[in-house]
Every structure is written in C-alpha cells, then in structure tokens.
Amino acid sequence: MIDEIKVDIKKSLAKAVQEAFQLSKSPDDISVDIQTKPEFGEFSSNLCVQLLKPTGKKQEEIALEIILRFEKPELVESVEVMEAGGVYYLNFFLDFPEFGDKVLREVLSSKDDYGKSDYHKGQKLLLEHSSINPTGPINVGRVRNSLIGDTMAGLARAVGWDVETHFYVDDMGKQVATIAWGIENKVSEKYSLTFDERGEPVLEKSDGPAKNELLSRYEKYADKPDFKVFFTYVPTTKLIEDENLDSEIDELAERCEKGDEESIGRLKKVVDDVLAGQKQTLERLGITFDSFDFASRFVLDGSARKAIENLKELPQSLELDTGANAIDLSEFGLERRGGGTVFQRPNGTSVYIVRDVAYHRWKLGQADANLIVLGEDHKVEFKELKTILKLLGDLKDDNLLDVVHFAFVGMKGRRMSTRKGVIVSVDELLDEGIERAEEEVRKRNEELDDEKVAEIAKQVAIGAIKYHMLKVQTMKQLTFSWEDALDFEGDAAPYVQYAHARASSILRKGGVFEDASIPENIVFTNDSERDLTRLISHFPSIVFTAAAERRPHLLADYAYKLATQFTEFYHKSPVLGAEEEEVKESRIAMVKATKQTLRNCLSLLGIESPDRM
RNA sequence: GGGCCCAUAGCCUAGCCAGGAUAUGGCGUUUGGCUUCGGACCAAAAGAUCGAGGGUUCGAAUCCCUCUGGGCCCGCCA
C-alpha cells in the first residue's frame, strides 16, 4: 500500500509540474521518499530544488505553483512546504485514521503473507549457496554464506519467485583425495598428532595406539562425521607435506578427473560423510536444500568434456608454452599472469573452471534466473565464469546470473587455520550459545519445565547468532568474537524476540484470540500509536528493496526499529488498562499487527519468534 | 607491480549505488527508573575533523581524482 501511495503522489506531482511549467517529467524521475521522521510527514520530496534549473524560478515560487495544482491522491490529507538548509521540501501527510485503519486491516488479514508480493510470480529462481568444501565441519567463517543464502531464498520467495536452493559439492578436489588417501592408509592410526608452542602440527610415527590432539580438543564432537574427517585431514596434509607424497594424491585426483568410477567412488565415500555432518549443522540452523549437486556428475555425464571442446573452439582460446590450454580474457579486463585462464593441463586433465562451466550451463537450463552467494575471494573467478558463459552463448542476459558477494569473517587475535587445527565450528558456537541462553531463560521463567526452557534457549541462541551475522552489510568484514555473537542485549535478536514475547503476553493476558478480527473503528489517540502503525506499513517496501538489491541486513535493521517502536508504544499506551473500550480494542489490533510483522520479518531472517522467553 | 572491497565517537554499525532537513542505532561510560500489560527494558547525559587531501556542485558521509591503513584476488588449488 505504501508503495502504491508513493506512486500516486509521483503521478500527481508529474501532472502538476506539466501544468505549471509545461515540463514533461516521468513520474519515475520524480524523487519521493518514504519519510522516517514523522514530523516531516509520511512522504517527502525535494522536487523544488530539482526544478531550479529547468524552470529558472525560485523554490518558493515552484513550491507554490506545484501545490496549487497538486491533486491529492487517495489517503493523502495535506502537503506542506518546509524550508531547511536552503531546500524547500514538499512533505506529504496522510489521512491518519483512514490510512492506519487500512494498514492494520491489511496486516491482520494477510497474516504470514504480510510483506509479500507476487512481483516475480511464475518465475523460477535457482539459488546456489553454502557450497562448503567437504573437508571438515562448518566454521563461523563459512556460515556467513549459508545465512545470507538462506535469507536471500526467503526474500526471493517473498517477492514471488519459485525458489530452488542448491548446494554444490566438490567431490573431485585434491583436498578430498587427500582425505580418502589418509583414511585408506590409516594415517590417524599410524601417526600421533600434536601441536607445538607455535601451533604448528607435529607428526610422529606411533608404536602403540596413536594419539590425536584434535580428538581431545574437540572431544565433544568425536563421533560427528565431519569432525572425524577433519581429524584425519590435518595429519594427512602434514604427512604429505613432510614426505612429499603429492604425486600419490595427484594420481588419485587425476583418475577421478578422467572419470574413473572406482576412484570417484572412493572420494564420494569421504564426501558423503562430511556432508552428513555438515547437513546436521545446517539443520540445527534450520537451513535445508532442495538439491545437492555433485561435481563428479558433470564428469561422468560427459558435459565437462563437452565444455572443454567448446572452450577450445572459442577465438580467445590458446595453447600455452607448457602445453596447457587456456582462454585469454584480457579483452574483458580479466588478465592472468600466464597469458590466460587455464582450463586444461598438459596431461589432459581439466581445471575446476571446466566443471564450473558445465555446472552453470546445467543450472541456467533449470530456471528463469540464477543467483549465487559467493565469498569475495571468488570475485574474479565469478567474472571469468560469467564472461565464458557469455562467449559460449549460454548466458544471453547478464541479469540471468547474479551474485551476492560477502567479505570474510576474521578472528580477533589468532587466525583460523585448518592446517593448525584451529577452527571455530558452528557446532561449538551453537552449543555455547544455547548453554548461555538456557541460563537466562531459566532465570526468567521458573515455572517452565526443562524441555520448554531448552526449546526457547535454542530459539534465542540461534536467533542471536544469525542476527549478529546478518545485521551487517555483506561486504563489510566481520571480526568474530564470542561476546559479540552471543550478546543478548541491545541491537540483537533477543531484543526483537522479547518485543514479540511481550506482545504475545499482552494478548494472552487479555484473553484475546489471535485472529484477524479488528474493530469497526480504529482510533489513534497518540503519536506512539501512529508511529508504530506507520512503521508497520513500511515492511512490504523493506522486503521488496532487500530482495531486489540483495541487502539482507535491511531486514535486521527493520526488525530492530519495529521492536524499539513497539517498546515505546508499550510504555506510553497501556493496552489492557486503556480507559475506553474503543481505545483498548484499537490498541489490541496494533499489538496483533506488530506481533505479526515482527514474526514475518524474523522469519525471513530464519529466526523464530517465541511467545515467551 | 596490477585489480576489487572496506574505512563513520573508546568499540561495533546505518545512511553511500539513485547528493539535499540537526549524520542512524547499539555496546561501553555517567545519572535516574521495578506496589503500573514481562527490567533480555526504559528515560537522560557525555562521546563524530564521516581515514587524509584535492575537485565537481547552490549543496558532498554520499559523485570524481590522489594518497594512507586493513581485507581479498592476480595457482596448470578448488
């Protein structure tokens, strides 16, 4: 509704400008903003200053001429001219009881659908995210991808896309071959792994039962399959480095790459294990996928070979001195030191980009559009991939394959290092968070049984962690700290959840049925009611912008603002204790609408809304 | 050496792409508030040369250029 009114205002302004100055302006070119400061109305425009040059008149005059001719669209009550800093603003005020009434009705009748639109209805979006290397448990660095991806999926669905989520599993890499070799050669049984004072791994041949320091470090997760693989990965990598066993691994990887099913099977076994563990972690976060796409598939079905053939036919294709085949993308600003991006080694094996090309050709054929969430370290790779797909004729339009990049999550002080066995796994973070949350929940809810406490603690902890990583713009580097990630106060998910729980509490105490019923006549008696309702009305616009511009943090931003606004309302406008019945009923409708909007917003962030906490 | 990204109070952060109203909030600090629908809260105070310099503009945190600091990339790894 808010966006419709905005468009109406733009149209009316365009018409007024046409009549006043004989200037033809498209409504799209007229800037009208949704105002966040109530004293400036619901919308504002700096149109006057923009017409300075085209009209050659003074702002006062322009404002007057426009206002004289401005035909108020529905729900617009008045327009005021306000001067500030040399700029004459046109501020638009809505007919409040009428507008507020409509907003609340819309929320309560749309329920879980409030905020959604059908803009992309009937179109399918294939969203690839996470695609975490199958070498160990998910760490707090990689999980940013999953959280952004899952939120983008929700946002895309909210604007009408039929979304399919995919996880690309690289089961062909050298890293996986290393682990397979390590398991088959029983490295963790034959060698003891310790770490020296600098944290460097130390490997010793063991006579008796081998010790593995990682096992004691991550004792709690000793039976989790992704951790088990990680326990083998670290010593095996060290062994290969110490004894120069690279060629053995290369051989195995090469056999896979050439499509040897037995070898691929050996790697697949490892990958299945890690993936099972990673899936458990993702499941704890409430993140699931429609499809897991294995790289090996594109080798086995011949599409990788086909991609190589097609690449060789391109005019940018060349053979390097070493005998490798490459593609020169320098005309597109993508320079490589060796003279091109290598896609086939001299021994005939292909480089990752070939499988990537094959994979994306397949993906492009599956949906109307593609979106992928990738770390900033893959920026160049993605550009190359896109350029190649265009050269091959598989990508007709740039918009059909889009990307959301995000910056890395660092560690304060010590760096995360798989080689040194130093990781902060998401499992640890979740467990620690839930433990802390349990303490808090128990403190506040003595009457609840253990099971209920545990459930709420989970919702609070997971909410806090997700919100913490999603509230910041994706390209901003994050520095991970336990205190920040598990902070339950201030600008954090528990604050928002708390506002929701309070809303629930009011309705519970008032014996209110949480249905769509709403009084005939909504009354607004103070600013806290109007401001709250106004903010609720912004939600659909926020969802649309966050989805279109791929800025998931806007949701977190909004959730916090709405919670804050509700808290103000809570303190200033007694609901159940309201003197007049009409006021009480109106406020109940506002509480219901706030609760619904908070719930919908948190839900998009993958955060649950407990009714008590 | 080349390319991309980030820089806003002690710390974290919004706003930047589409320039315009006293620069958004949080943490921390100081002060005050639980016989009132839940104190994971609220009210108030202090705290910002918007990294530095130049330019464009009536107007710059926002656009352009140079520089500085940090991150990432420039593998026949994936």
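Below, chain A is the first sequence line, B the second, and so on; all start at residue 1. Just so you know, these numbers come straight off a predicted model, no measurement behind them.
At a cut-off of 3.5 angstrom, the base of B:A18 holds no donor-acceptor pair with the side chain of A:Ser31.
In this structure, A:Glu447 does not pair ionically with A:Lys452, as no charged nitrogen and carboxylate oxygen lie closer than 4.0 Å. Between A:Asp356 and A:Lys363 no salt bridge is recorded (no basic side-chain N to carboxylate O distance below 4.0 Å). Between A:Lys174 and A:Asp250 there is a salt bridge, since at least one side-chain N of the basic residue sits less than 4.0 Å from a carboxylate O of the acidic one.
Distances shorter than 4.0 Å separate some side-chain N or O of A:Arg502 from OP1 or OP2 on B:G39. Neither OP1 nor OP2 of B:G71 sits under 4.0 Å from any side-chain N or O of A:Lys476.
If you take atom C1' in B:C67 and the same atom in B:U29, they sit 36 Å apart, rounded to whole Å. On the C1' atoms, B:G47 is 23 Å away from B:C41, given to the nearest whole Å. Between B:A21 and B:U49, the two C1' atoms lie 22 Å apart (nearest whole Å).
Atom P of nucleotide B:G2 and atom CG of A:Leu329 are separated by 22 Å, given to the nearest angstrom. Here B:G15 presents its C1' atom at 13 Å from CD1 of A:Ile542, a figure rounded to the nearest Å.
Comparing A:Pro574 and A:Met172 along RNA chain B, the residue whose closest nucleotide (by nearest heavy atom) sits nearer the 5' end is A:Pro574. In terms of position along RNA chain B, the nucleotide closest to A:Glu39 lies nearer the 5' end than the nucleotide closest to the other residue of the pair A:Glu39 and A:Pro346.
Listed nucleotides B:C58, B:A14, B:G70 differ in distance to A:Gln477; the shortest reach to its side chain belongs to B:G70. Listed candidates were B:A14, B:C42, B:A21. Nearest to the side chain of A:Thr567 is B:C42.
Remark: A:Arg305 engages no residue in a salt bridge (charged side-chain N to carboxylate O under 4.0 Å, His left out) (not counting sequence neighbours).
Ring stacking is absent between A:Tyr495 and B:A40, as the pair misses the limits of under 5.5 Å between centres and under 30 degrees between planes.
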